[in-house]
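Encoded as structure tokens, the structure appears first; notes follow it.
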Amino acid sequence: MSTPTARTGSRLHDFLALDGLPREDLTSLLDAAEAYVPIASGKSPGVDSLAGRIVANMFFEDSTRTRCSFTMAAKRLGGDTLEFAGSSSSLSKGETLGDTARNIEATGVDAIVVRAKPSGSAKLVAEAVACPVINAGDGRHEHPTQGLLDILTMRQRLGDLAGRRIAIVGDINASRVARSNLHGLTTLGAHVTLIGPPALAPSTFTQITDGPGTVHISNDLDEHIAGADVVMVLRVQFERGSGVSSDYHNLYGMTVERAARMKSGAIVMHPGPMNRGLEIDSAVADDPERSVILQQTTNGVAARMAVLSAVLAG
Ligand code: CP
């Protein structure tokens, strides 16, 4: 297990992964995020703790939720953002990711948020610059702020997650969201079952445990529906080469019939974007009782406020 988040002293310097993040640091970030929810949801006015600070959003892959919520988080904290689009950058002229990051830092930004296709790219950027770096998703590796917001959402609905049963369903193999959640959830003592067809849910994932929680693999969603406290549905990532058979919706889709078999109080999550009608039925995604999908997005602003505060305000 690595300890990739802290580079200096006790203050969080970078936020690159939930792998190796100690339980007390995870809990403290969750508590801070919870306290930011009223501001993130617009119910309380923003603060000025990041006044005069500029966060660079460096996105080399498309994003709706992560990018917008980092922008909102910085603004709710009184800071500003530099919006950098990889698609219109000098990367097309052969500039490296490290040189790009160093030049963005040289414009005077205080922190860099980076999303890029290669696994390990956030670490590469962190090694290239001196300012704090936050991983907004690097390939299949990790999406730690998504893990944080997902766990915050579960904690709001279920309380202590120790002993809770979390089913993560679908394209596990391509999912950085699954990897970050596994590290965070097992640190907090939850029991995670990864469910999907063998090609999308490989047995190597059982090694991703960081604490007292456990990880199991299953190819049968129906076996786990009634016992799950959370069913987290993952998108089939066709852009990363994932393929599914014609019976995928029938075998692994979060259908209305399956949602009806979930226990009282159990919730349905999805990190987005969704393939409606494939991994999840619209009636389940939009069910105000079970679905917490939009709550996840609001919590994403709060979680990113907590992370920006940790790396910039101490
Ligand atoms: N969940 C997530 O990362 O969504 P975006 O790709 O829209 O940022």
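First listed ligand is number 1; within each ligand, the first listed atom is number 1.
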Donor on one side chain, acceptor on other, Ser180 and His143, under 3.5 Å: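 No, no side-chain donor-acceptor pair sits under 3.5 Å.
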Does [X] use its side chain to pair, donor to acceptor, with the backbone of [Y] at less than 3.5 Å?
{"X": "Arg290", "Y": "Ala266", "answer": "yes"}
{"X": "Glu142", "Y": "Leu18", "answer": "yes"}
{"X": "Asp229", "Y": "Arg165", "answer": "yes"}

Other residues, nucleotides, ligands: >12 heavy atoms within 6.0 Å of Asp31 CG: yes
Lys263, NZ: over 12 other non-hydrogen atoms inside 6.0 angstrom: yes
Report every pair formed by an N or O atom of ligand 1 and a protein N or O atom separated by less than 3.5 Å, giving atom names and the distance to 0.1 Å.
| residue | atom | partner | partner atom | Å |
| --- | --- | --- | --- | --- |
| ligand 1 | 1 (N) | Gln146 | OE1 | 3.0 |
| ligand 1 | 1 (N) | Pro271 | O | 2.9 |
| ligand 1 | 1 (N) | Gly272 | O | 3.2 |
| ligand 1 | 3 (O) | Thr66 | OG1 | 3.0 |
| ligand 1 | 3 (O) | Arg115 | NH2 | 2.9 |
| ligand 1 | 3 (O) | His143 | NE2 | 2.9 |
| ligand 1 | 4 (O) | Arg65 | NE | 3.0 |
| ligand 1 | 6 (O) | Arg115 | NH1 | 2.9 |
| ligand 1 | 7 (O) | Thr64 | N | 2.8 |
| ligand 1 | 7 (O) | Arg65 | N | 3.0 |
| ligand 1 | 7 (O) | Arg65 | NE | 3.1 |
| ligand 1 | 7 (O) | Arg65 | NH2 | 2.9 |
| ligand 1 | 8 (O) | Ser63 | OG | 2.6 |
| ligand 1 | 8 (O) | Thr66 | N | 2.9 |
| ligand 1 | 8 (O) | Thr66 | OG1 | 2.6 |
| ligand 1 | 8 (O) | Arg115 | NH1 | 3.4 |
| ligand 1 | 8 (O) | Arg115 | NH2 | 3.3 |

